[in-house]
Amino acid sequence: MELTAEQRAILEGARGPYLAQCLRWLVEWGEVMGARRLVRCDNTHVLLCVPNLVARGASARTLETFAEGLREACRHPVAPHCVATVHTLFVTLDSLQVPENNPDQVRVQREIADMAVRAGYLTTFTCAPYLVGNVPIKGEICAWTESSAVVYANSILGARTVRHGNESAIAASLLGVVPEFGVLLDENRRGTLRVEVRAELRHPTDWGALGYFTGKIAGLGIPVFDGVRRPSQDEAKQLCAALATSGGVSMFHIVGVTPEAPTLEAAFGGRTPRENVIFTEADLRVTYDSLRTATGDEVDAVIIGCPHASLREISRVARRLEGRRVAGGVRLWINAARATRCAADAMGLTAIIEAAGGRILCDTCPTNMRIPCRRLVTDGFKQAHYARGMTGAEVIVADTEACLRAAVTGRWTGDA
Amino acid sequence: MPEKLVLRARGVVKGRAEGYALVADATLSFWGEVDPVSGRVIGRGHPLEGQSLAGRVLVIRSTRGSSATPMVLNLAALEGVAPAAFVNVEVDSLAALGAIVNRIPMVTDLERDPFETIRTGDYVIVDASAGILEVRRDEPQDSGGG
């Protein structure tokens with residue numbers, strides 16, 4: 001890889017051993033992925049979370065070594081030109097009386113959060129940074145963790161980021177550069193398969209179904225959706241998350257929506273798609289059924305806000321819950337970034353949701369925390385997919401209205 | 001005499017490691033499908049469900065999914081239950097990053113179909129720096145990775 005004299009000096013330790021290691025990670029990673037140079041990066045979204053492995057028997061030494069790695073990262077300032085936001089945690093920094101909000105873990109996480117703020121990170125603690133102020137501009141080169149947010153940045157905003165891991169995103173934050181490969185380059189942003197959408201997409205969760213169906217087929221490819229209307233932001237959020245769950249998709253095109261796809265031809269860059277797929281009403285139903293593993297009707301958890309809920313979603317939930325009560329024995333979680341909840345607090349929405357017996361959970365989500373439940377209803381395909389393995393729950397994925405009905409009645413009574 | 005097969009491959013992440021092979025023509029997400037404390041695959045219905053990755057040469061199509069892949073690999077490495085090496089058909093950028101950070105050799109583009117050539121329990125020496133894979137059969141079989 002071509003390096004500047006300054007970059008070679010950093011590798012040799014001119015800015016200390018930690019930055020030398022960070023640059024070595026970026027250079028080695030770039031070489032493996034075929035990058036020929038490092039390019040300037042002004043925008044990162046990093047993971048700074050303390051893992052919740054105490055209950056699962058991890059050694060104290062492992063946890064301390066990992067935490068010390070995070071502390072070391074936060075001892076170095078974010079590059080002055082870089083906006084650096086922070087991904088979700090495995091705990092909430094609010095007071096929450098569940099065993100999964102382990103006090104020792106919360107203490108270490110608070111310490112790292114404080115160090116991160118001093119280093120220049122914006123501690124958003126969210127999987128949807130684009131909802132709370134990190135909205136990159138078309139063409140802006142980013143280094144984002146959180147695969148669903150990566151898909152959103154590339155496909156809806158026209159920014160450019162490959163899927164990053166914690167080490168590469170931290171290195172990019174401190175050094176302000178990333179290796180140039182993958183969807184950072186024009187030739188790797190063209191569509192590879194065409195998905196003709198013949199099903200009617202009625203609400204955000206239907207868009208999640210389209211994403212979950214397509215991700216399985218697309219793998220690491222770039223789907224082009226043809227024949228769909230413009231999604232709302234909440235619908236786009238579900239599509240992005242589901243694509244990155246069942247597949248390794250970094251980007252898609254919607255003709256007329258994705259900044260680089262004014263036409264079908266432009267989306268494919270003049271090439272012929274290697275595959276054509278049709279998404280029918282039957283595919284829509286089958287996709288829902290594939291994530292409905294419940295063997296009974298009784299429900300004990302309802303999760304809304306995967307990825308983190310928007311203010312509009314919280315507002316709709318609050319309107320639906322006004323004057324109603326969540327059924328006994330059911331936990332209703334609405335996951336959101338703290339910034340979004342602050343707005344919901346000021347609007348009186350949090351009070352309505354809490355009066356109904358629900359809770360807005362900040363910084364994390366119940367699956368990340370591994371709060372156990374037996375039978376879960378959620379409006380997010382990503383949440384349903386991961387909850388199965390991570391919490392062992394039976395899952396039902398359904399639109400927000402049906403989720404709230406289940407919360408109030410304590411039973412799954414079907415979609416309509 | 002054990003049967004021995006030497007194959008060319010493309011080194012992705014340099015280094016040399018050896019261990020008993022764990023083979024599945026499948027993708028695997030380290031996030032949510034691998035427990036970094038036990039090193040076992042916890043993904044429901046995954047072909048490797050219940051198997052331990054600790055010290056194994058992991059022969060799979062590719063890793064998939066989450067940006068937490070390098071973190072899970074890092075925690076597994078700290079717990080001493082990370083795989084010894086990766087033999088992948090497709091290189092997922094997040095597994096490559098995790099392999100670089102944790103010094104786990106990775107190869108791809110094996111000159112033969114890995115799923116027809118390598119069996120679970122074969123003893124495999126991966127020299128990613130030289131681009132060579134040595135497969136030995138009839139060595140004492142691993143009991144299943146416990």
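What you find for A/E167 and B/V101 is that their closest heavy atoms are OE2-CG1, 3.5 Å. The heavy-atom pair separating B/A96 from A/V32 by the smallest distance is CB-CG1, 3.8 Å. Closest approach of B/S29 and A/Y386 over heavy atoms only: OG-OH, 4.2 Å. Annotation for A/S168 and B/L97: closest pair OG-CD2, 3.4 Å, computed over non-hydrogen atoms. Of all non-hydrogen atoms in A/H164 and B/L94, the two that sit nearest each other are C-CD2, 3.4 Å. Contact between A/L47 and B/A68 at its shortest, heavy atoms only, is CD1-CA, 4.4 Å.
More than 12 non-hydrogen atoms from other residues, nucleotides or ligands lie less than 6.0 angstrom from CZ of A/R292.
Of the candidates B/L75, B/V72, B/L78, B/L75 is the only one forming a side-chain contact (heavy atoms from CB on, under 4.5 Å) with A/P51.
In terms of modelled atom types and a separation under 3.5 Å, the side chain of B/E79 and the main chain of A/T62 share no donor-acceptor contact. Side chain of B/S67 to backbone of A/T145: no donor-acceptor contact under 3.5 angstrom is found. One N or O on the side chain of A/W29 and one on the backbone of B/S93 form a donor-acceptor pair closer than 3.5 Å.
Looking at B/R44 and A/E394, no side-chain N of the basic residue comes within less than 4.0 Å of a carboxylate O on the acidic one, giving no salt bridge.
Between B/V91 and A/M33, some side-chain heavy-atom pair lies under the 4.5 Å cut-off.
Heavy atoms of A/S246 lying under 4.5 Å from chain B belong exclusively to its backbone. In this structure, chain A has no heavy atom under 4.5 Å from any part of B/E49.
We find the CG-CH2 distance between A/N368 and B/W31 to be 4.5 Å, quoted to the nearest 0.5 Å.
Of all the listed residues (B/R103, B/E33, B/H46, B/M106), the one sharing the greatest number of non-hydrogen pairs under 4.5 Å with chain A is B/R103.
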